[in-house]
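Both ligands and their constituent atoms are indexed starting at 1 by order of listing. Each residue takes its place number in the sequence, starting with 1.
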Amino acid sequence: MARILVTGGAGFLGSHLCECLLQQNNEVICLDNYFTGNKSNIIHLLDNKYFELIRHDIINPILLEVDQIYNLACPASPPHYQFNPVKTVKTNVMGTLNALGMAKRVGARILQASTSEVYGDPAIHPQKENYWGNVNPIGIRSCYDEGKRVAETLCMDYHRQNNVEIRIARIFNTYGPKMDPNDGRVVSNFISQALQNEDITIFGNGEQTRSFCYVDDLIKGLITFMNKENFIGPVNLGNPSEFTIKELATTIIQLTNSNSKLIYKPLPQDDPARRKPDISLAKEKLHWSPTIELQTGLKNTINYFEGIICKKN
Ligand code: NAD
Ligand code: UDP
């Protein structure tokens with residue numbers, strides 16, 4: 001049994017991860033400041049005597065004795081990370097420093113939840129780990145993109161300087177149950193809108209693409225990577241099936257039997273035009289690839305959202 005810290009453990013990915021790690025007979029400490037996470041995501045775990053919950057902001061140091069750290073604390077949706085961009089940078093820089101400091105002190109292995117955003121608006125397609133990216137350092141997405149890039153730098157420097165055992169996972173758009181319906185990301189927005197027969201808000205012309213990974217696949221990838229010896233990454237974790245945002249909207253309308261209409265809103269600044277992971281490294285090193293197709297994953301997510309959203313006619 002390992003003692004494992006999950007920062008951001010009350011969030012979308014963190015809560016699935018806590019659940020899975022407990023199922024695998026680990027002791028789990030979930031740390032969260034509840035900025036975008038919610039106690040309701042992990043409330044069902046509170047009866048488990050191997051689960052602990054700590055309300056703490058990771059930008060402040062904390063002393064804990066653990067074997068592994070998954071550093072997920074950071075708002076992930078553009079409206080949330082842009083709400084207080086200075087805080088987003090602090091979470092990525094000071095938060096990651098504190099997590100790495102803990103890993104160094106207690107000899108824990110640490111997995112950093114990095115992102116496809118380190119590639120910015122990519123000039124290379126699909127994106128491979130050796131691509132250095134095309135990131136605007138002064139735009140509205142920079143607090144997140146550059147924050148995550150510095151977090152990767154810190155991981156590499158703690159590894160080179162202090163032999164900290166790091167793992168850098170570049171996560172591509174992931175969706176599933178327990179996404180916050182008001183979080184502002186595209187899958188949660190479209191499903192909420194479709195279930196309530198509200199207009200579906202497409203930003204730009206809807207021809208921009210994303211590649212959507214179902215949460216269960218992603219969590220398996222993260223745990224496999226954490227426990228893989230002699231491979232620090234960075235490694236892309238995501239589903240290479242690429243869709244336009246308009247295709248996503250029409251699929252969700254069809255799966256929900258919705259009367260919603262598509263409406264078009266301005267494209268936010270620096271919104272990446274195309275995104276698709278090259279996952280050959282994950283396949284080679286981790287023997288991991290996603291198995292859940294978009295339609296199946298969306299159906300599960302829609303079921304979850306139906307439970308929490310009052311359906312209008
Ligand atoms: P989320 O917003 O649901 O979860 C983030 C969690 O971190 C929340 O519970 C939030 O309250 C907590 N948090 C934020 N700032 C904190 C702080 N200063 N101290 C303590 N806790 C804090 O987002 P998610 O989708 O679960 O993402 C989890 C991680 O994975 C993030 O680091 C995100 O950047 C990364 N990631 C996610 C995706 C994705 O598609 N879901 C893609 C790339 C990277
Ligand atoms: N998007 C959209 N309508 C929405 C929310 C998002 O068209 O209501 C678009 C957004 O402009 C982007 C894509 O969907 O092109 C994915 O957005 P999301 O915020 O989910 O993630 P990210 O841009 O960080 O990949």
Can a side-chain donor-acceptor contact be found between E19 and H44 if the only test is distance below 3.5 angstrom? yes
Taking distance alone, with N or O pairs closer than 3.5 Å, would you say I171 contacts ligand 1? no
Quick one: look up the protein heavy atom nearest atom 40 (O) of ligand 1 and list residue, atom name and how far away it is. T174 N, 2.8 Å
According to a 4.5 Å side-chain heavy-atom criterion applied to Ile, Leu, Val, Met, Phe, Trp and Tyr, with indirect links allowed, do V186 and V215 form part of one hydrophobic cluster? yes
Closer than 3.5 angstrom, by distance alone: can the side chain of S142 be matched with the main-chain N or O of N136 as a donor-acceptor pair? yes
Check this for me, if you would: do D199 and K265 make a salt bridge, where the nitrogen-to-carboxylate-oxygen distance has to be below 4.0 angstrom? no
Proximal ligand 1 atoms for G11, defined as those under 4.0 Å from one of its heavy atoms: 3 (O), 4 (O), 8 (C), 9 (O)
Pairing of R275 and E242 as salt bridge, 4.0 angstrom limit: no
List the closest protein heavy-atom neighbour of atom 1 (P) of ligand 1: residue, atom name, distance to the nearest 0.1 Å. T36 OG1, 3.7 Å
Checking heavy-atom distances from atom 29 (C) of ligand 1 to each of L72, N33, T91, the winner is L72
Kindly confirm or rule out an N or O of I58 lying under 3.5 angstrom from an N or O of ligand 1. yes
Do me a favour and list the nearest non-hydrogen protein atom to atom 37 (C) of ligand 1 with residue, atom name and distance? L13 CD1, 3.7 Å
Select one of side chain, backbone, both or neither to describe which atoms of K90 lie under 4.0 Å from any atom of ligand 1, heavy atoms only. neither
Main-chain N/O of C74 paired to T91 side chain as donor or acceptor, under 3.5 Å: no
Given C74, A10, G8, which one has a non-hydrogen atom that is nearest to atom 14 (C) of ligand 1? C74
Just list the N/O pairs, ligand 2 to protein, that are under 3.5 Å apart, with the distance for each.
unit_1   : atom_1 : unit_2 : atom_2 : d
ligand 2 : 3 (N)  : T201   : O      : 2.6
ligand 2 : 7 (O)  : F203   : N      : 2.8
ligand 2 : 8 (O)  : N189   : ND2    : 2.8
ligand 2 : 8 (O)  : T201   : O      : 3.3
ligand 2 : 8 (O)  : T201   : OG1    : 3.0
ligand 2 : 11 (O) : D271   : OD2    : 2.6
ligand 2 : 15 (O) : Q208   : NE2    : 3.0
ligand 2 : 15 (O) : R210   : NH2    : 3.4
ligand 2 : 15 (O) : D271   : OD1    : 2.6
ligand 2 : 15 (O) : D271   : OD2    : 3.4
ligand 2 : 20 (O) : V186   : N      : 2.8
ligand 2 : 23 (O) : R141   : NH2    : 3.0
ligand 2 : 23 (O) : R210   : NH2    : 3.1
ligand 2 : 24 (O) : E117   : OE2    : 3.2
ligand 2 : 24 (O) : R141   : NH2    : 3.1
ligand 2 : 25 (O) : N173   : ND2    : 2.9
ligand 2 : 25 (O) : R210   : NE     : 2.8
ligand 2 : 25 (O) : R275   : NH1    : 2.7

Exercise: do T7 and N71 side chains pair donor with acceptor under 3.5 Å: yes
Assess E117 for proximity to ligand 1: is some non-hydrogen atom of it under 4.0 Å away? no
Can a salt bridge be assigned to the pair R109 and E229 using a cut-off of 4.0 Å between side-chain N and carboxylate O? yes
At the 4.0 Å heavy-atom cut-off, does T7 count as touching ligand 1? no
My understanding is that we take every heavy atom of each candidate and find the minimum distance to atom 36 (N) of ligand 1. Doing that for Y144, Y175, Y81, which one comes out nearest? Y144
For ligand 1, which atoms sit closer than 4.0 Å to a heavy atom of N173? 40 (O)
Tell me the protein heavy atom at minimum distance from atom 39 (C) of ligand 1, and give that distance in Å. R185 NH1, 3.5 Å
Taking the six-membered ring for Trp, are F212 and F172 closer than 6.0 Å centroid to centroid? no
Is it the case that one hydrophobic cluster holds both I43 and M179, taking links as side-chain heavy atoms less than 4.5 Å apart, direct or via other members? yes
Based purely on interatomic distance, does D32 place a nitrogen or oxygen under 3.5 Å from a nitrogen or oxygen of ligand 1? yes
Going by the atom numbers of ligand 1, which of them fall below 4.0 Å from some non-hydrogen atom of Y34? 11 (O)
Should R3 and E27 be marked as a salt bridge (Lys or Arg N to Asp or Glu O under 4.0 Å) after you check the CA-CA gap, both sets of side-chain angles, and the distance that decides it? CA-CA 5 Å; R3 190 182 297 159; E27 201 176 321; 3.4 Å; yes
for atom 3 (O) of ligand 1, nearest protein heavy atom and its distance come out as F12 N, 2.9 Å
Are any of the side-chain nitrogens in K299 or E293 under 4.0 Å away from the carboxylate oxygens of its partner? no
Just to be sure I'm reading this right: ignoring hydrogens, which of A151, A76, S114, G176 gets closest to atom 44 (C) of ligand 1? Compare them by their nearest heavy atoms. S114
Of all heavy-atom pairs linking C143 and N92, the shortest is O-ND2, 4.0 Å
Sidechain N-carboxylate O distance under 4.0 Å for E152, R170: yes
Can you list the atoms of ligand 1 that are under 4.0 Å from a heavy atom of G37? 8 (C), 9 (O), 10 (C), 11 (O)
Shortest non-hydrogen contact from R149 to V135? NH1-CG2, 3.7 Å
Contact partition for H56 relative to ligand 1, non-hydrogen atoms under 4.0 Å: backbone
For a quick test of reading the model, state the closest non-hydrogen atom pair linking P126 to D278 and the distance between them. CB-N, 4.1 Å
Heavy-atom contact under 4.0 Å between K148 and ligand 1? yes
Report the nearest protein non-hydrogen atom to atom 18 (N) of ligand 1: residue, atom name, distance rounded to 0.1 Å. D57 OD1, 2.9 Å
Determine, for R210 against E247, whether the closest basic-nitrogen to carboxylate-oxygen distance falls under 4.0 angstrom. no
